[in-house]
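Down below is the structure, laid out as structure tokens.
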There are 2 protein chains.
Amino acid sequence: MRRGLEFKKKARIIIVDDNYEHLSGIKELIEIESDFDVVATATSASVAISLIKKYRPEIVLMDINMPEKDGLTAIAEIEKLDLGVRTIALTGYDDPDLIFRAMKIGAKGYILKTMASAQLIYAIDEVANGKIYLPAALSSRFFEYFQKSFKEEVQAVSDEDNLLNYLTQREEEVLDLLTQGITYKGVAQKLFISETTVKTHVNNIFQKLQVNDRTQAVLYALNNGFLNRRKVKIAI
Amino acid sequence: MRRGLEFKKKARIIIVDDNYEHLSGIKELIEIESDFDVVATATSASVAISLIKKYRPEIVLMDINMPEKDGLTAIAEIEKLDLGVRTIALTGYDDPDLIFRAMKIGAKGYILKTMASAQLIYAIDEVANGKIYLPAALSSRFFEYFQKSFKEEVQAVSDEDNLLNYLTQREEEVLDLLTQGITYKGVAQKLFISETTVKTHVNNIFQKLQVNDRTQAVLYALNNGFLNRRKVKIAI
DNA sequence: CTGTTTCTAAACCATATGGTCTAGATTGCC
DNA sequence: GGCAATCTAGACCATATGGTTTAGAAACAG
């Protein structure tokens, strides 16, 4: 284990939960069952941000379900501060969308309140040691969601009747340059051909892609995975 | 456990590895230490695809590092077939990029060859039961990579000196229509203003975005999170 | 009230772009 | 050899696009 006694430093923690009873419950739990140091607590996200700036803790336990400013936004803000603070999301729901969003904005862990206290301690320990911790059950949910959102995109992109497949090599080169916002003249120079030849290619491209102008051609190309067919989009 | 004896069905498995010794090693391991049914094996991805179509297994163990057609491409193809086959990636490397790409294209698990045999069996079991399984260590790596790629995009997108921020509301509306490949005339009709007004707006947009034509403006907009600033790109 | 910003719109002009047709050279295939 | 596809390139024309300037109306801030 890399966290041998010689390296062990009591991780300093701030807990945020709008429910005061939960808050003190978690605080006590941590103080009794671990050797972490709860330096502060907060019942609102805005207060929490100030406390974080002041105390610079290693770990923040953040309840996601809070009125006013919600936990996700708070996590995003904390990440933006870039203080090296590692945040663990704490919530009652294993909603895949919540998990996905939390991990996306930079949460280093995600724990359900219903989980055993030992698991909470373990999670804090892992995250304090630089790892990212997501319990297997939540991890599984995350990936289902993750893959689903990709699948929809990929299908749209790698279709057989992608009109881009009908382009000749030269036409692809021309389109490639068009997607960089280069004029016909520029394309002609880059490819060492005359401008009229470029125009011929472009017209053929338009017909093959069934569009009327360069902007539409570029949009078609980008939306159908032309430039680097290995790129896709994901909704946050 | 949901997989009580009454529901247990011997999962049928196909193993793919270009190294024949590894292949038979894994096969034996599974046959001895579990009650899964290895219905076929293959030493190349193309053969594997045929076998999968023929046997319709529940699980495919796919080596990622293969010559000719690599495992990732194979997994993508299998997913495209949409036969309900669940694929587990098997490799020697815990390269985060590999893990990310494998999970993105739809692998339901990712196991290192160096891992204990019990873990392989466990993974197969989990995946056969409809879950997605990624060992904690790999999961951690995945998320680091995942978050890093998001962080870069988010920074690029939500930058203060994003020239898009200088656009007025009307200019944004015009640009929005431009990014849909609509002509000036079309924009004018949609916004109920004259074509010359559109031109004025467009010219202002060009100056603010420091570009010379609509294609470049559209590209700038797309690359800087104009359309739906909550969308980002990730490389597979 | 005055200056600023934004949205509107026109005139004028130059050039880039798009549509269509024709055609030679090259390559590869049957 | 001959056909098909591809890349090349020109002519010709219509229109869309881009650059610049000017200017009125409305909203808003100081």
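In the text below, chain A, chain B and the rest are named by the order of the sequence lines, each starting its count at 1. Just so it is clear, the model here is predicted, and its values are computed rather than measured.
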Inset, instruction - Just say parallel, tilted or perpendicular for the rings of B:Tyr145 and B:Phe100, cut-offs at 30° and 60°. - result: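 B:Tyr145 vs B:Phe100 ring planes: tilted.
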Legend entry - Along DNA chain D (nearest heavy atom to each residue), the more 5'-positioned of A:Phe192 and B:Thr183: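 This one resolves to A:Phe192.
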Taking [X] first and then [Y], would you say they form a salt bridge - that is, a charged N and a carboxylate O separated by under 4.0 Å?
X	Y	answer
B:Asp63	B:Lys113	yes
B:Glu77	B:Lys80	no
B:Glu58	B:Arg86	no
B:Lys108	A:Glu144	no

Legend entry - B:Lys190 NZ: over 12 foreign heavy atoms closer than 6.0 Å: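 No.
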Given atom [atom1] of [X] and atom [atom2] of [N], what is their separation to the nearest angstrom?
X	N	atom1	atom2	value
A:Glu173	D:dC7	CD	C1'	11 Å
B:Ile182	D:dA16	CD1	P	15 Å
B:Asp213	C:dG18	CG	P	10 Å
A:Phe206	C:dT20	CZ	P	12 Å
B:Arg214	C:dA16	CZ	C1'	12 Å
B:Tyr184	D:dA16	OH	C1'	8 Å
A:Gln216	D:dT17	CD	P	10 Å
B:Glu172	C:dT5	CD	P	18 Å

Inset, instruction - Work out which heavy atom in B:Leu23 is nearest to a heavy atom in B:Asp17; give both atom names and the distance. - result: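 Minimum heavy-atom separation between B:Leu23 and B:Asp17: CD1-N, 3.8 Å.
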Inset, instruction - Give me the bend of the helix from C:dC1-D:dG30 to C:dC30-D:dG1, using the axes of the five pairs at each end, rounded to 10°. - result: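 Taking the rotation axis at each end, their angle is 40°.
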Inset, instruction - Return yes if some donor-acceptor pair links the side-chain N/O of A:Glu171 with the main-chain N/O of A:Asn204 below 3.5 Å, else return no. - result: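 No.
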Inset, instruction - Verify the ring-centre separation between B:Tyr110 and A:Phe143: is it less than 6.0 angstrom? - result: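 For A:Phe143 and B:Tyr110, the ring centres are not under 6.0 Å apart.
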Could you write out each protein N or O paired with an N or O of nucleotides 4-6 of chain D at a distance under 3.5 Å?
none

Legend entry - Residues from residues 193-205 of chain B lying under 4.0 Å of DNA chain D - heavy atoms: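 Contacts with DNA chain D under 4.0 Å: B:Lys199, B:Asn203.
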Legend entry - Partner of A:Arg141 by salt bridge (Lys or Arg N to Asp or Glu O under 4.0 Å), out of A:Asp94, A:Asp97, A:Asp95: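 It is A:Asp94; the other options fail the test.
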Inset, instruction - Any chance you could measure B:Leu177, atom CG, to B:Leu191, atom CG, to the nearest 0.5 Å? - result: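 Those atoms lie 5.0 Å apart.
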